[in-house]
Structure formats: C-alpha cells, structure tokens
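Below is one structure, written out as structure tokens, with a few remarks after it.
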Amino acid sequence: MTLLELSGVSVHYGRIKAVSDLAISVNEGEIVTLIGANGAGKSTTMRAISGIRPVSSGSITFQGEDITRLRADLRVVRGISQAPEGRGIFPGMTVLENLDMGAYARKERKNLAAEMDHVFTLFPRLAERRGQMGGTLSGGEQQMLAIGRALMAKPKLLLLDEPSMGLAPQFIQQIFRIITEINREGTTVLLVEQNAQQALSRAHRAYVLETGSITKTGTGKELLADDSIKEAYLGVA
Amino acid sequence: MDDPAGPRPDPHVENELSIHHSSALYLAQDDSVINFDVAGLVDQFWANTVDGLSQGSIYALVALGYTLVYGVLKLINFAHSEVFIYGAYATWFTFYGLGFRPGPTPELAVFELIGFLLLALLAAVLVSGATAVVLERVAYRPLRNRGAPRLVFLITAIGASFVLQQLIFIWRGGNPEQAIRLLRPEPVFEVFGVAITNITIIIVLASILLFFIADTFVNRTRFGRGIRAVAQDPDTATLMGVNKERVIMLTFLIGGLLAGAAALFYMMKIPQGASYQGGFLLGLKAFTAAVLGGIGNLRGALLGGLLLGLMENYGQSLFGGEWRDVVAFVLLIVILMFRPTGILGESLGKARV
Ligand SMILES: Nc1ncnc2c1ncn2[C@@H]1O[C@H](COP(=O)(O)OP(=O)(O)OP(=O)(O)O)[C@@H](O)[C@H]1O
Ligand SMILES: [Mg+2]
C-alpha cells in the first residue's frame, strides 16, 4: 500500500527552482532511498515532505490523504518524522530533553519510557550521555540523537537526511544496520544519502535525483548494478 | 522615575553626624554638578538596598517580557513598555471602578484590601496580556507571514510603541491620572535600622514568586519546552510538531501577564504612575536590565532587574538624584564592555534548570 506519494512536486527558493515535477512514492514497510549529487535537491524534497518548505506546485499525499497544504507540525501528528540534515539538535537541551522533544506531538505519552529505552538499546552511547547538553555532543553522538529523537515520535514514515554524514567508517556500517533494524520493526524509511553504496544495498527501491529532477528509479539491486550509477555515485569506473 | 512614596531619604539632607560633610569628596567646587557623596552612600546603604530591590523586582518582571520575546523571535519588542503601562491604567481604572478616588488612603479591612488588590491584579494582567497578544497579532504576525527583514520588525516595534502611547493620550490626555492609593506604606519590621514597609514586602515576594512560576513554566512544562525549542532552532522545533505560531502567541501572552503584574506593583509604589508616557523610561530600564543579565535568559532578567534597581539607588546617593538614570545606562555600557552577552550570557535556549 502506498504510504507517501509526491506527484508533480516543484519547490522554489525565491525565483530559483530547486526541484521540479517530482514523482516519488513510498510503500508501507519499505526503505526507499534518494541519491544524488550535492545540490541536486534531496534535502529540499525532504523539507517539502515534512512541510517546512512549501511546494509551489504538485501534490503530496500521505496515507491516501492530501497533505500538500497541511501545517508542518500537524504532519508530525499524522506520523511523519524527520531527522534533518545537519542534525538539528537543540544545543541547550540535554539528551533526555532532546528525546522528549521528539515525543512532543504524541498524544498518548504513557509508553514514553519504553520508547526511550528502545532508543537507548539502539544507541547505548546516548544512555551514557543522557544528562549532557546536546550542543556538547560529538558529531556522531548528535547524529544518533537526531535519529533516536525522530523515533520518539513513533513515526509511520521516518525521513533521514544523510544520517551517515560525518561518521567514522565503522560507525557508518552500524548506522545502516540500525536503519534496517528500525525498518524491520515496522517503520517505513525514506533515506537521503551520499553513501550510495550502503544506501542502495539497504534500500528496497531507489530514486536518482539530478539537478532537481528524477532521472532514474528502480530497486536497490538494479541501481547498484547500473553502469551509469556505478560511474557517477559508486566511484567505480 | 521619582518615588515620593518610597522610603528613600534625600541624601542631601544635612546630617547631624559631622563626618557626613567632612568626608564628602567633592570633585570640584560646591557648585559642581557632580559630587561623590560617599558618606551619603554609606548612610543610605540599607535603605537604598531595600528600595532598590523593590524597584528592581518591577524591572525584572518587565524585563522577562523583553527576554522571552527576544529569545523566540530575536526581536526587541519596544512596545512592551506600553504593554506595561496599559496594565498601570487597568489598575487605576479598577481602583476607580471600585469607588476609590484620589485623596486620602481609605481604611480597609485586610480581606477587603486583599480582594481589591487581587481584582486589580486580575485586571492589569488581563489588559496587559491582551495588549501583548493583540500587538503580536496585528503588528508582527503579518510581517512574519511576508518574511520581512529584521529591521522592519524593529521599526514596527517602535511605531507600535508610539501608537499605543498616543491612543492613551487621545483618550486620557497628557496628564498622569491622579494618585489613588489603597494601601499606605507602613513599616512592618526593621533590618539594619531600615524600616521594611508592607508594600516593599508584597512587591519583592510576589515578584520573586512570579519569577519562579515563569521559570518553572518555561523549563518544566511541555509548552515551555516548546518555547525553548523555538528559541534554539525554529525549523527543527516545527519538525518536532511544535506549532510555532502558538508558541509565539504564548510567549507574548506570558510577557504581557508578567508586565501586568509589574504594573500593579508599580502603581502600589508610585500611585501617580499612570501616564501615557509612563512606560517609556521604565521599559527602557527593564530592557537594560534584560541586556545586563543576558538577553534571552530568564534568570538574567531577574538578576539584571535587581542589580539595576540597586545600582541606581546607590548611584543616586553617591552622585545625586539627577544622575539616577545616567547610572543605569552607564552600568549597561560598562558591563557590556566586559561581557558583551550580559552577566549570565546564555540565550533562552541555553538557560537550564
Ligand atoms: N534556503 C535556500 N535559499 C536558496 N537556495 C537554496 C536554499 N536551500 C537550498 N537551495 C538551493 O537549492 C538547491 C538544492 O538544495 P538541497 O539542499 O536540496 O540540495 P541537496 O541535494 O540536499 O544537497 P547536499 O547533498 O549538498 O545536501 C541547491 O542549488 C541549493 O543551492
Ligand atoms: Mg542535503
């Protein structure tokens, strides 16, 4: 069943069109990845889905309902949660407070402790640092916190914008394992990545974005085997 | 901001103690405008301290409004001084509406007095709170929706301040409302030879209580956390499901409510204080207090307010009454020279329990 559908979506920054006529769909239970070069419009697409950037044309539906004009904070209530590019950790809040912010939109707050335990199981490092200020965490710790915080909302759709950015190689592996685990537990994931190799091997399906337009789509495996992808994104000649 | 009611003795009154005169250090001749009346400062120290704390409490409550709005919008809401003075008018009209008139202070039973003061508090808080919210809605929100640059907000704030002032001027004219007093200042006990009046006690205790309520709200409640989140990172706050517009409205409301309470205390201390321009200087000083403590920081507002109240009084004793306001702003400049972000320095976001 289709969970998220973008059709004909364009987004502008002032006069500049950042993405144009996008058609993307994400089915329930999938990991879908969006790869593309710097400035291709990946983050812009994510912002349009979560609603912090308005679309100039086209429509976005979530669970069969049109959310194109829905306020961003209400999209969180519907079940869309994002770990933004640059992590967006609240610097003056502790790890615990940051996690609690993730659950801000949740109506039922009974299972909050269980959710937090779950996040701490995924990221034991965060448990050790629970009282530390977000702004003083290392980049990798902040990345864990950003993902953990997004999970606190118990999202139906988890948007991850470059979760491996700035992480040590062995930790990149771990982050992708955790993403797969989150997905197995029932959360649909839309993943933006520079690390195309990892993203494509973990994803069910993928889209390639070039200067604001989708140029290719297929299963992760198909794109991994695609010669032009190999050349442009996998560093294989 | 003269305070004929307060227990602030004139530092120039001849003192029986001969050391007073002999130890006064004069900068120049007797006709100099500035003199360093060290003995005056020492003599009046405790009286000034007590009075400074009550004046400072009022600054602190108003400063909280500046700091909250600054934290969330990075806007200096210059019209906050009028939000405050509207509360002073609400207080005056409540007293008037209850049948009190300028003239001698009535004899009231304690429960009556408390009831009337609470009624005035309610009126002041509602009027100031509503003024702040309407101001936000009418003046600032349309600018936000258009994505106006920071400078436009600032100019609008100054403009709104004038508009709110002139509305009172048109309605009530240029003269202050005549003093209506419900409670005569009476000494309750003495500390270091200084009589502490009932009014001082009420103002200081109630202000500190209100500060702790506001601080707890911002740091401990879900809505408060929303305010801090917007202050630290508005876009990410939205991604957490925080309704930014509601947070902004709430922030103005809290600032307004606190300014309303401050207005009642101000009117108890300075009953003739309801004048159309009456908010200007007090607002400016409260803003100074907020910057002094570290704008965006709730505790900074409290600290800055109290410090400013004290320093003004000490400065007045030392240099003479006409230097009172100068002291406030010189203090600001000096502190900012050494600590550009104010004494506590953090932003609202970073302030933590
Ligand atoms: N706030 C903005 N104002 C103007 N232009 C912007 C803004 N944000 C992004 N852009 C432009 O829109 C285009 C797409 O940007 P976007 O951030 O979506 O790229 P991206 O694919 O996420 O790149 P990266 O991999 O570097 O994160 C870029 O050309 C960028 O310069
Ligand atoms: Mg990006």
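Atom set for the values below is all heavy atoms of this structure, side chains included, hydrogens, waters and symmetry mates excluded. Below, chain A is the first sequence line, B the second, and so on; all start at residue 1. It should be emphasised that the depicted structure is a prediction, and the values quoted were computed from it without experimental measurement.
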Passes side chain to side chain contact (heavy atoms under 4.5 Å, CB included), L239(B) versus V76(A)? Steps please.
-> CA-CA 7 Å; L239(B) 288 179; V76(A) 185; 5.6 Å; no
Considering residues, nucleotides and ligands other than [X], do more than 12 of their heavy atoms fall under 6.0 Å from its [atom1]?
| X | atom1 | result |
| --- | --- | --- |
| F329(B) | CZ | yes |
| Y13(A) | OH | yes |
| R150(B) | CZ | no |

* Short N-O contact, E245(B) and R71(A), less than 4.0 angstrom ->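 No, this pair does not count.
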| message | Please determine whether a side-chain nitrogen of the Lys or Arg among K244(B) and D73(A) lies less than 4.0 Å from a carboxylate oxygen of the Asp or Glu. | response |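 Answer for the salt bridge query: no.
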Exercise. Which pairs with one or both residues in residues 30-71 of chain A pass ring pair (Phe, Tyr, Trp, His ring centres under 6.0 Å), sequence neighbours excluded?
Worked result: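 Those involving residues 30-71 of chain A do not exist here.
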* Gap separating the CZ atom of R149(A) from the OG1 atom of T236(B), nearest 0.5 angstrom ->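 The CZ atom of R149(A) sits 6.0 Å away from the OG1 atom of T236(B).
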- Message: Using 0.5 Å steps for rounding, measure from the CZ atom of R228(B) to the CE atom of M101(A).
- Response: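 If I round to the nearest 0.5 Å, the distance is 9.5 Å.
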- prompt: Do you know which of D235(B), T238(B), N243(B), D233(B) has the most heavy-atom pairs under 4.5 Å to chain A?
  reply: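 Going by pairs under 4.5 Å, I would pick N243(B).
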- Task: Taking all non-hydrogen atoms of both residues into account, name the closest pair between G241(B) and A105(A) and its distance.
- Result: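 Minimum heavy-atom separation between G241(B) and A105(A): CA-CB, 4.1 Å.
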Under 6.0 Å from the ring centre and within 45 degrees of the ring axis: does the NZ or CZ of R222(B) meet both conditions for the six-membered ring of Y104(A)?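 Cation-pi check for R222(B) and Y104(A): passes.
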| Taking it one step at a time, do M152(A) and M240(B) satisfy side chain to side chain contact (heavy atoms under 4.5 Å, CB included)? | CA-CA 10 Å; M152(A) 289 298 293; M240(B) 303 293 114; over 6 Å; no
